[in-house]
Every structure is written in structure tokens, then in C-alpha cells.
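In what follows, chains carry the letters A, B, and so on, assigned in the order in which the sequence lines appear, proteins first and then strands, with residues in each chain numbered from 1.
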There are 2 protein chains.
Amino acid sequence: MRMTRQRRIILDELRKTKDHPTADMLYQSVRRHLPRISLGTVYRNLEILAEAGMIRKLEFGGASRMRFDATVSRHSHIRCVACGRIDDFPLDPDLNPEEYTAGINGYEVLGYNLEFYGRCPACKAKVK
Amino acid sequence: MRMTRQRRIILDELRKTKDHPTADMLYQSVRRHLPRISLGTVYRNLEILAEAGMIRKLEFGGASRMRFDATVSRHSHIRCVACGRIDDFPLDPDLNPEEYTAGINGYEVLGYNLEFYGRCPACKAKVK
DNA sequence: ATAGCTGCAAACGGTTTGCAAAGTG
DNA sequence: CACTTTGCAAACCGTTTGCAGCTAT
């Protein structure tokens with residue numbers, strides 16, 4: 001993977017923030033350094049960086065826009081139902097979800113979503 | 001809430017399936033009963049039914065399309081990464097996510113997503 | 001040198017909406 | 001009868017893509 005000016009600055013800008021920005025927010029801040037960059041380039045690079053495992057793509061339930069995260073190590077998120085703000089917080093593999101309720105980052109915890117992914121019986125049979 | 005023919009049939013069709021259909025899939029099956037219904041009407045009614053708590057709207061991470069579920073009681077989902085199929089399964093509040101791995105519905109479990117929602121410190125202060 | 005990347009602008013696809021007519025309670 | 005809902009079609013909006021020229025390696 002080439003490290004173009006655009007790619008480098010996109011990555012830098014994402015790493016500067018803890019905000020889990022959308023592609024468009026990132027576009028705005030990258031533009032301060034590269035006024036002629038296009039939104040398409042931002043999308044393309046975010047996709048490539050995510051595939052390379054250098055960033056994470058978040059498709060948070062309830063939010064229609066994609067968000068991006070420069071922290072790739074294992075962690076979870078909490079989202080404010082009122083303002084949409086998303087914060088990181090560490091995931092403890094020994095805790096069940098109910099046990100986190102003792103206030104995460106000062107949030108009033110209202111609930112959680114737990115969803116699994118895997119391979120269904122049919123696809124398991126096919127690919128293996 | 002009025003129970004129009006359209007609304008009733010949309011609800012019936014959704015209840016008939018365990019497939020977590022998209023709006024468009026539902027539109028196709030409703031059309032067999034009401035050939036002149038429009039996709040816009042399907043969306044409007046799904047929204048209204050969800051607000052009334054009669055159905056659930058799923059915005060599954062990784063899937064760009066909304067899905068709908070006539071089962072409103074507490075349960076979780078598992079999605080096949082290969083074919084996109086989504087199955088229900090019961091949530092046990094005493095288990096931590098790692099402990100579900102012993103095969104859900106015959107799936108090979110690859111991982112899970114756990115995300116919390118609530119009110120952030122700022123919004124908590126504001127609204128209260 | 002040359003594959004990969006960029007800016008631009010148009011296309012895409014799921015969802016939403018304005019409107020006049022029809023239907024519900 | 002008053003008010004909601006419908007069908008239609010166009011608008012919306014975040015994201016993707018085709019293309020011709022540019023750039024990192």
C-alpha cells in the first residue's frame with residue numbers, strides 16, 4: 001500500500017480525535033491541510049485503511065452514517081441516545097453485559113445491544 | 001392508530017416470517033395481497049408500527065439496509081457473515097458473551113458485538 | 001516505468017417526502 | 001365530516017464509481 005499525502009493526512013486526522021467521526025467530518029478537517037481533496041478520496045482511503053486493519057469502521061446500530069475509529073485494539077462503545085456522541089470504553093471478557101451498568105464514563109446506561117456473527121449451518125457446509 | 005388494510009397486511013406478513021426481512025422484501029410479499037400498494041406506504045407503516053412498539057426495527061451493524069422483526073420480546077440475533085441470514089436466539093442475562101460460543105443454532109460463532117447506549121454526562125445534566 | 005491513486009462529477013440505492021385523492025372512524 | 005392515510009413520483013443523502021490525468025515507488 002502506497003502512503004500518499006492524502007492517505008497519511010487522513011490517518012493523522014483520524015488519530016488526532018477520539019470522536020469517531022463520520023467520513024464527512026474527517027473530510028472537513030483533512031481539507032484544512034489539503035484544500036483540493038475530494039470526498040470520494042476520503043471514502044476510498046478509509047476503506048483501504050480499514051481493510052489493512054489500521055483503522056476500524058463502525059456501523060453503529062441506529063446511526064445511518066458510518067463512523068471511523070483509529071483505535072483498533074479490542075474495545076467497546078457507548079453512544080448517547082440524546083446527542084449521538086460515541087465514547088470508547090474497555091471490554092472486560094469476564095463480565096456479562098448486565099454487570100457494566102455501574103456507570104460507564106459517567107454515562108447513565110440505558111441498555112445494550114449484543115449481536116453475534118458467524119457462519120450459518122448452510123454456509124458452513126458449503127465453504128468448508 | 002387506525003388499522004388500515006395496508007397496515008394490517010404489512011403486520012400480518014411480517015408476523016408470518018422469521019426472516020427479519022428488509023422493507024423491500026416485505027413490499028414484495030404484501031404486494032401479493034395488495035398489488036397497488038407503494039413502497040413508501042410500507043416504509044411509513046413500518047415506522048409507525050415500530051413507534052407503537054408492535055414491531056422492532058433492526059439496524060444490524062454491517063448491513064446497510066434496515067430489517068424488521070415482529071418479535072418484540074427481548075432476544076438477540078446472530079448473522080451469517082457469508083449469506084447475511086439473521087436468526088433469533090434467546091439472550092441469557094447471566095451469561096457473558098464469551099460463554100455463548102458453544103454453537104448458537106448450529107452456527108459457527110466467529111465473534112460478537114457489544115455496544116451500550118445511554119445518556120452522556122452533558123445530556124444527563126441538560127435534560128434532568 | 002507503471003501500477004496505484006487522485007479529483008471530479010455523475011450514478012447508485014435505500015429511504016423519505018409533497019401532494020392530491022381516497023378511506024377510516 | 002374531519003382527519004389520517006394512500007399511491008405516485010420526485011427528492012434526499014450518504015456512499016460508490018468511471019474516467020483521464022497524476023504520483024509514489
Discussion item. Below 4.0 angstrom, which residues in residues 23-49 of chain B have at least one non-hydrogen atom near DNA chain D?
Written reply: B:R36, B:I37, B:S38, B:T41, B:R44, B:N45
Item to complete: Map B:T4 and B:T22 onto DNA chain C by nearest heavy atom, then report which one ends up closer to the 5' terminus.
Response: B:T22
Worksheet, complete the sentence: Residue set satisfying side chain to side chain contact (heavy atoms under 4.5 Å, CB included) with B:T4, at least two apart, ordered chain then number -> B:R2, B:Q6, B:R7
Worksheet entry | Span of DNA chain C in contact with chain B (heavy atoms, under 4.0 Å) | C:dG14 to C:dG25
Item to complete: For the residue pair A:I37 and A:I10, establish whether any side-chain heavy-atom pair is separated by less than 4.5 Å.
Response: yes
Discussion item. If you define the side chain from C-beta out and look only at heavy atoms, does anything of A:K57 sit under 4.5 Å from A:E47?
Written reply: yes
Fill in: pair A:D87-B:F116: side-chain heavy atoms closer than 4.5 Å
no
Worksheet item: At how many degrees, to 10°, do the end axes of the helix from C:dA1-D:dT25 to C:dG25-D:dC1 meet when each uses five pairs?
Response: 40°
Item to complete: Using ring-ring contact (aromatic ring centres under 6.0 Å, His included) as the criterion, point out the one residue from A:Y100, A:Y112, A:Y107 that pairs with A:F89.
Response: A:Y100
Practice prompt. Inspect the contact between A:K124 and B:E108 and indicate whether a charged nitrogen and a carboxylate oxygen are less than 4.0 angstrom apart.
Written response: no
Worksheet, complete the sentence: Under a 4.0 Å heavy-atom cutoff, the residues of residues 6-14 of chain B touching DNA chain D are B:Q6, B:R7
Fill in: pair A:E115-B:R79: side-chain heavy atoms closer than 4.5 Å
no
Can you tabulate the close N/O pairs, meaning under 3.5 Å, that link protein atoms to atoms of nucleotides 1-3 of chain D?
residue, atom, partner, partner atom, Å
D:dC3, O2, B:R2, NH2, 2.6

